[in-house]
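So you know, we letter chains A, B, ... as the sequences are listed, proteins then strands, and number each from 1.
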Number of protein chains: 2
Amino acid sequence: MDRQTVTIYDVAREAGVSMATVSRVVNGNPNVKPSTRKKVEEVIKQLNYQPNAVARGLASKKTTTVGVIIPDVTNLYYSSLARGIDDVASIYKYNIILTNTDENLEKEILVLKDLLTKQVDGVIYMGHHISDELHAQLESVPTPLVLAGSIDQKGILPSVNIDYGAAMKDSLDILFENGNEKIGFVYRSVDEEIDSQVRYGAYKEAHQDHGLPVDDNLVFTSSNSYKDGQNIYDQLISNGATAAIFSDDEAAVGFLNAAHDNGLQVPEKFEIIVSNNSKLVNMTRPQLSTVLQPLYDIGAVSMRLLTKMMNNDEVEDKEIVLPHTIKKWGTTK
Amino acid sequence: MDRQTVTIYDVAREAGVSMATVSRVVNGNPNVKPSTRKKVEEVIKQLNYQPNAVARGLASKKTTTVGVIIPDVTNLYYSSLARGIDDVASIYKYNIILTNTDENLEKEILVLKDLLTKQVDGVIYMGHHISDELHAQLESVPTPLVLAGSIDQKGILPSVNIDYGAAMKDSLDILFENGNEKIGFVYRSVDEEIDSQVRYGAYKEAHQDHGLPVDDNLVFTSSNSYKDGQNIYDQLISNGATAAIFSDDEAAVGFLNAAHDNGLQVPEKFEIIVSNNSKLVNMTRPQLSTVLQPLYDIGAVSMRLLTKMMNNDEVEDKEIVLPHTIKKWGTTK
DNA sequence: CTGAAAGCGCTTACAG
DNA sequence: CTGAAAGCGCTTACAG
């Protein structure tokens with residue numbers, strides 16, 4: 001049960017040098033005579049010495065660990081980001097402490113405190129509702145912090161996203177071009193700024209630009225599950241929609257299946273574009289036309305940004321916008 | 001940038017007690033006079049003192065952090081386990097360091113070493129191929145370790161699973177009862193012991209029990225993606241199968257959609273049962289009949305087991321088998 | 001290029 | 001119930 005049998009002290013003694021010297025070779029400090037470096041390295045190998053990261057953390061004030069706050073790992077959108085984050089973290093020798101919050105404010109605040117207590121070198125936050133209280137907490141974090149796939153309406157916190165508004169307009173352009181005039185917009189929650197502010201804002205603007213009225217009977221504000229997608233089917237259809245944009249893939253799948261059950265042909269009689277390309281979009285029949293969000297990259301770039309900040313490197317732009325495209329699969333004409 | 005302004009020393013001075021006493025109240029040690037406890041607590045609040053977990057870790061040799069090795073967070077099966085793990089960890093005040101390995105042996109070994117270096121109090125391993133080399137590494141881990149949703153053929157390592165063999169037999173029983181005699185078995189990889197040993201073994205046994213021959217033309221050994229599921233469609237059908245059991249949900253969805261594209265009616269002409277109930281099973285039309293695996297619970301129970309082991313509690317059974325059922329959705333008669 | 005010493009912020013016997 | 005002191009295993013100036 002002795003977790004840490006051999007310490008730096010053992011290596012020093014065995015190699016006939018001081019702990020400082022051992023520390024230097026372990027940390028790749030160049031100021032070590034090649035022959036003594038060699039000797040120390042041999043002893044390290046021989047004793048199978050593994051530096052204790054906790055002791056290093058205490059002494060150096062760097063833990064090479066970053067905290068990652070995620071609503072739910074089980075959500076494909078977020079787990080795709082998380083994968084990008086972990087892969088880049090791994091490249092830069094960081095580990096990730098991942099914690100699920102379900103976007104519950106109390107939990108988020110608790111987790112944040114907890115992570116700081118553990119002396120993480122940085123934190124990545126994911127979540128689509130940043131209340132003023134949460135924003136204040138996020139701002140007061142003493143370590144570098146970046147938002148991944150999450151926007152800061154106040155434009156203060158570093159973040160990595162796509163241009164959700166532009167993506168909305170691109171999607172609408174396709175649907176308008178195909179002759180649709182009554183286009184639904186089905187989003188997750190009024191609490192999610194990306195939906196209720198950015199996308200909905202772009203939705204309205206695009207309608208104005210095309211000289212079309214905005215019909216709020218076609219806008220659904222709390223559909224974030226398969227079941228919700230099924231449930232809104234009747235209303236969307238009876239209100240005359242001939243197309244719809246979904247923020248949530250699962251809701252879109254629910255709607256699509258409801259359409260199938262009701263014998264409504266997609267895309268012939270109804271077109272659909274979803275906003276988050278998760279794996280799901282390719283698993284339906286027809287496959288869902290989608291905004292191609294570089295989810296993995298958003299996570300990866302977020303972590304890369306964070307490493308720069310942790311390293312005190314100059315960072316020109318702290319509000320990174322990655323490119324998107326629209327992929328017309330089978331639910332658009 | 002001062003991450004740790006106020007220390008236990010500041011609190012001690014301010015409260016007019018020793019560091020030891022502050023430590024006692026922070027750790028809930030009962031041997032503190034109520035009045036001095038109160039005083040210390042006031043100062044803690046006033047100074048907003050947050051104990052440094054790294055220093056605690058070094059001094060106490062407990063980091064309240066566990067390592068979680070996962071093939072891919074993006075995989076619904078594993079992320080469901082991970083969610084259960086994190087929730088229970090959170091209850092017991094542990095954090096989770098999550099690392100993706102893609103089941104790559106080198107990465108797994110590296111990660112394991114890395115986690116131990118960080119002095120995790122325990123580790124949870126997920127992965128479906130435990131080679132002898134990996135097994136040796138896993139066994140030599142000095143902290144408690146449990147396998148979640150992963151089996152140890154050698155029966156040495158603590159683990160939490162369902163009885164995959166029994167689930168296979170239950171699934172086959174349904175298909176046999178419905179009159180099928182040529183039933184395919186589509187699994188992920190020969191490297192995955194759950195598939196190639198346990199499920200395939202049960203598959204053969206069940207056939208023998210029913211006096212039916214095993215036709216290896218109906219067994220596919222490397223289908224773990226949507227595309228794979230589509231690709232095997234022709235062979236499975238031309239070899240006369242009238243039903244199939246899939247280990248991988250995505251592959252099953254691929255097959256199902258291929259069937260749809262080819263006008264083959266499911267379940268009328270072809271029945272399907274999948275082995276892992278991820279969210280996906282409810283998102284297809286028809287919905288996939290499935291073995292109901294308590295994925296969240298497997299993760300949760302694994303973490304609970306681990307807490308007991310880390311706490312040196314008596315653990316009666318270290319090979320936990322959780323119950324499963326079969327849910328007949330729409331792909332069985 | 002190398003070592004002695006202090007210090008990181010706690011916990012843990014030990015003594016009283 | 002409380003404190004003094006040692007120690008956890010490193011890193012970091014500092015001095016040479």
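With respect to B:R56, the side chain to side chain contact (heavy atoms under 4.5 Å, CB included) criterion is satisfied by exactly one of B:V26, B:T63, B:T64: B:V26.
Each of D:dC1, D:dG3, D:dC14 was ranked by its minimum atom distance to the side chain of A:R24; first place goes to D:dC14. The side chain of A:R56 sits closest to D:dC10 out of C:dG9, D:dC10, C:dA4. Considering only side-chain atoms of B:N52, the nucleotide from C:dC10, C:dT2, C:dT11 that sits closest is C:dC10. Of all nucleotides listed (C:dC1, C:dC10, C:dG3), C:dC1 comes nearest to the side chain of A:N31. Ranking D:dA4, D:dC1, C:dC10 by closeness to the B:A20 side chain, first place goes to D:dA4. Listed nucleotides D:dG7, D:dT2, D:dC10 differ in distance to B:T36; the shortest reach to its side chain belongs to D:dT2. Relative to the side chain of A:L58, the nucleotides C:dC10, C:dC8, D:dT2 differ in distance, and C:dC8 lies closest. Residue A:T21 places its side chain closer to C:dG3 than to any other of C:dG3, C:dC1, C:dC10. Among C:dT2, D:dC1, D:dT12, the nucleotide with an atom closest to any side-chain atom of A:S60 is D:dT12.
Rounded to an integer number of Å, the gap from CG of A:N27 to C1' of D:dG9 is 13 Å. When the P atom of C:dG9 is taken as reference, atom CD of B:Q119 falls 19 Å away, rounded to whole Å. Distance CZ (B:R13) to C1' (D:dG3): 17 Å, rounded to an integer number of Å. Across the protein-nucleic acid pair, B:M19 atom CE and D:dG7 atom P stand 15 Å apart, rounded to whole Å. The separation between A:K118 atom NZ and C:dG9 atom C1' is 16 Å, rounded to whole Å. A straight line from CD of A:Q50 to C1' of D:dC10 spans 15 Å, rounded to a whole angstrom. One atom, CZ of A:R37, and another, C1' of C:dC1, lie 11 Å apart when rounded to the nearest Å. To the nearest angstrom, P of C:dC14 lies 16 Å from CG of B:N29.
In this model, the phosphate group of D:dG3 is approached by a side-chain N or O of B:S18 to a distance below 4.0 Å at OP1 or OP2. Side-chain nitrogen and oxygen atoms of A:S23 include at least one within less than 4.0 Å of the OP1 or OP2 phosphate oxygen of D:dT11. For the pair A:K61 and C:dG9, the criterion of a side-chain N or O lying under 4.0 Å from OP1 or OP2 is met. At the phosphate of D:dA4, neither OP1 nor OP2 sits under 4.0 Å from any side-chain N or O atom of B:Y9.
Side-chain contact between A:K113 and B:Q50: present, with at least one pair of heavy atoms (C-beta onward) separated by less than 4.5 Å. Using a 4.5 Å heavy-atom threshold, the side chains of A:E42 and A:Q46 count as separate. The shortest side-chain heavy-atom distance between B:V17 and B:V40 falls under the 4.5 Å cut-off.
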Original post:
After noting the C-alpha distance and the side-chain angles of B:H128 and B:E103, does the key distance pass the side-chain hydrogen bond (donor to acceptor under 3.5 Å, both in side chains) rule?
Top reply: CA-CA 8 Å; B:H128 285 328; B:E103 298 225 41; 5.5 Å; no
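Between B:V66 and B:Y94, the shortest heavy-atom distance links the atoms CG1-CD2, 3.8 Å. Taking every heavy atom of both residues into account, B:I298 and B:V160 meet most closely at CG2-O, 3.5 Å.
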Original post:
For DNA chain C, what string of dots and brackets results from 5' to 3' when Watson-Crick and G-U pairs need both distances under 3.5 Å, crossing pairs get [ ], and pairs with another strand get |?
Top reply: |||.||||||||.|||
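A distance of 6.0 Å or more separates the ring centres of B:H135 and B:Y125.
Of the two residues near DNA chain D, B:G16 and B:A59, the one whose nearest nucleotide lies more 5' is B:G16.
Across all strands shown, A:V17 has heavy atoms under 4.0 Å from sugar-phosphate atoms exclusively, and none from any base.
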